[in-house]
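Structure record follows, encoded as structure tokens.
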Protein chains: 2
Amino acid sequence: MNYVSLLKQHNLKATPQRLEILSIMHQSGHIDIDGLFSKIIQSFPSISLATLYKNLHIMLNSNIILELKLPNTKPKYELIQAPHAHLLCQKCGSCIDLSLDTDTLIKEVSQKSGYKLHESTLIFSGLCPQCQNH
Amino acid sequence: MNYVSLLKQHNLKATPQRLEILSIMHQSGHIDIDGLFSKIIQSFPSISLATLYKNLHIMLNSNIILELKLPNTKPKYELIQAPHAHLLCQKCGSCIDLSLDTDTLIKEVSQKSGYKLHESTLIFSGLCPQCQNH
DNA sequence: TAAGTAAAAATAATTATTATCTAAGCTGAG
DNA sequence: CTCAGCTTAGATAATAATTATTTTTACTTA
Ligand SMILES: [Mn+2]
Ligand SMILES: [Mn+2]
Ligand SMILES: [Zn+2]
Ligand SMILES: [Zn+2]
């Protein structure tokens with residue numbers, strides 16, 4: 001994926017810092033502000049949390065990334081892809097994607113409730129396969 | 001419901017402040033820290049946010065109440081009842097309960113993923129019936 | 001090149017949350 | 001009943017998290 005054009009599509013300058021944020025997110029999948037900071041500071045030693053927050057907000061508003069509010073932790077950020085659910089391990093703290101047919105679920109709930117629904121946040125918490133053997 | 005015995009069941013003292021917190025939550029359904037504070041201060045003018053946070057944490061740990069992390073707002077708190085999903089209106093900000101068979105959903109996801117799941121957070125966002133007519 | 005713009009950097013300010021300390025209230029042993 | 005022990009509210013301070021402001025740098029283009 002070409003992040004330069006992704007940013008330009010949203011009328012945002014493709015600065016090296018922003019490209020690195022997106023690249024880190026691509027590698028990490030789901031990452032919180034501190035994880036992001038400790039990684040990006042390696043290539044941009046002078047960057048500050050303020051710059052990071054600023055860029056996260058800008059990219060959130062442009063719908064390039066999304067913010068995942070999870071129980072018991074700081075919010076995590078990820079690149080926007082197809083809508084999906086999340087699996088959380090309460091022991092090791094891992095968070096992984098779960099492809100799930102959110103569309104039909106949303107339609108069902110829309111009918112049932114009378115709401116005109118646009119999005120869903122579906123988080124399932126428990127023990128991942130590894131953590132079950134301990 | 002008798003909040004005195006509810007608290008005692010969890011080995012917590014049934015102080016007037018805690019009882020009032022629970023009573024406000026019962027009336028309000030879903031309420032954030034500021035809403036809670038502005039209500040409770042009417043009956044307990046000397047209470048502070050610190051006391052409020054302290055008691056929320058205690059009751060969260062005892063599983064008397066739960067914390068709902070919603071997009072774009074401060075977390076809301078509610079009494080623990082049967083597991084359910086939530087409907088969020090992006091226009092008026094309302095948050096209401098949606099009874100939904102979370103059990104079968106959890107079972108499906110457990111099978112599919114290999115996780116041993118204990119709980120789910122299901123939030124649907126969109127427009128409530130009222131807000132659709134504007 | 002000079003002007004205009006957008007973003008990074010540096011810093012300050014604000015807000016949100018947690019920690020510490022003291023005093024008050026309840027409880028149960030003697 | 002009374003005192004010691006324990007829990008909590010209240011008061012306050014400290015920390016953490018986020019946002020705002022200002023200055024500097026870099027890029028674009030006329
Ligand atoms: Mn994801
Ligand atoms: Mn609810
Ligand atoms: Zn795990
Ligand atoms: Zn509405």
Side-chain angles (χ1 to χ4, degrees), chain A residues 3-25 30-62 64-77, chain B residues 3-25 30-62 64-77:
Chain A
Y3 297 129
V4 174
S5 52
L6 177 64
L7 287 164
K8 293 201 168 158
Q9 277 167 30
H10 291 88
N11 298 312
L12 297 179
K13 290 204 171 172
T15 69
Q17 288 88 344
R18 285 175 186 169
L19 292 171
E20 180 66 7
I21 290 174
L22 294 175
S23 161
I24 291 172
M25 279 186 190
H30 309 90
I31 192 164
D32 67 15
I33 186 83
D34 300 313
L36 193 51
F37 185 66
S38 64
K39 289 208 173 172
I40 202 171
I41 207 171
Q42 293 170 14
S43 27
F44 297 89
S46 67
I47 205 171
S48 71
L49 275 172
T51 300
L52 219 48
Y53 275 113
K54 199 168 29 180
N55 280 315
L56 288 178
H57 285 151
I58 287 170
M59 293 194 281
L60 283 169
N61 288 332
S62 298
I64 292 174
I65 64 174
L66 67 77
E67 185 183 50
L68 247 191
K69 291 193 179 178
L70 304 167
N72 308 320
T73 53
K74 280 200 180 189
K76 291 194 162 40
Y77 302 89
Chain B
Y3 298 129
V4 175
S5 51
L6 177 65
L7 286 165
K8 293 202 169 160
Q9 275 166 33
H10 292 87
N11 298 312
L12 297 178
K13 290 203 172 174
T15 68
Q17 290 86 346
R18 286 176 185 168
L19 292 172
E20 181 66 7
I21 290 173
L22 294 174
S23 160
I24 291 172
M25 280 186 189
H30 309 90
I31 192 164
D32 68 14
I33 186 84
D34 301 313
L36 193 52
F37 185 65
S38 65
K39 290 210 172 168
I40 201 171
I41 207 170
Q42 293 171 12
S43 27
F44 296 90
S46 66
I47 204 170
S48 70
L49 275 172
T51 300
L52 218 48
Y53 275 112
K54 202 167 25 178
N55 280 315
L56 288 179
H57 286 151
I58 287 170
M59 294 193 282
L60 283 169
N61 288 332
S62 298
I64 292 175
I65 63 174
L66 67 78
E67 185 184 49
L68 247 191
K69 292 193 177 178
L70 305 166
N72 309 319
T73 53
K74 279 200 182 187
K76 290 193 163 40
Y77 303 88

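Below, chain A is the first sequence line, B the second, and so on; all start at residue 1. Because the structure is predicted, anything quoted here is derived from the model rather than measured.
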*Across the strands shown, which category fits A/Thr51 at heavy-atom distances under 4.0 angstrom: base, sugar-phosphate, nothing?*
base
_What contact category does A/Lys54 fall into here, base, sugar-phosphate, or nothing, at under 4.0 angstrom with non-hydrogen atoms?_
base
For atom [atom1] of [X] and atom [atom2] of [N], their distance in whole Å:
| X | N | atom1 | atom2 | answer |
| --- | --- | --- | --- | --- |
| B/Ile58 | C/dT18 | CD1 | C1' | 13 Å |
| B/Phe37 | C/dA16 | CZ | P | 12 Å |
| A/Leu49 | C/dT15 | CG | P | 19 Å |
| B/Ile41 | D/dA9 | CD1 | P | 15 Å |
| A/Leu19 | C/dA8 | CG | C1' | 14 Å |
| B/Met59 | D/dT7 | CE | P | 18 Å |
| A/Ile33 | D/dA16 | CD1 | C1' | 13 Å |
| B/Ile47 | D/dT12 | CD1 | P | 16 Å |

*Say whether, by atom type as modelled, one donor and one acceptor occur between the side chain of B/His30 and the main chain of B/Lys76 under 3.5 angstrom.*
no
*Out of curiosity, A/Tyr3 OH to A/Leu19 CG, how far, rounded to the nearest 0.5 Å?*
9.5 Å
*How long is the span from the CD atom in B/Glu67 to the CG atom in B/Asp32, to the nearest 0.5 Å?*
11.0 Å
*Of the nucleotides C/dT11, C/dC26, D/dA9, which has the atom closest to the B/Arg18 side chain?*
D/dA9
*asked:* Side chain of B/Ser46 only, heavy atoms from C-beta on: which candidate in C/dA9, D/dA9, D/dG10 is closest?
replied: D/dG10
Does [X] have a side-chain nitrogen or oxygen under 4.0 Å from the phosphate oxygens OP1 or OP2 of [N]?
| X | N | result |
| --- | --- | --- |
| B/Thr15 | D/dA9 | yes |
| B/Lys74 | C/dA16 | yes |
| A/Asn55 | C/dA7 | no |

*Which atom of A/Ser43 lies closest to which atom of A/Glu20, heavy atoms considered*: OG-OE2, 3.3 Å
*Taking the side chain as C-beta and beyond, is there a heavy-atom pair between A/Thr51 and A/Ser48 under 4.5 Å?*
yes
_Most 5' of B/Ser48 and A/His57 on DNA chain D, judged by nearest nucleotide_ = B/Ser48
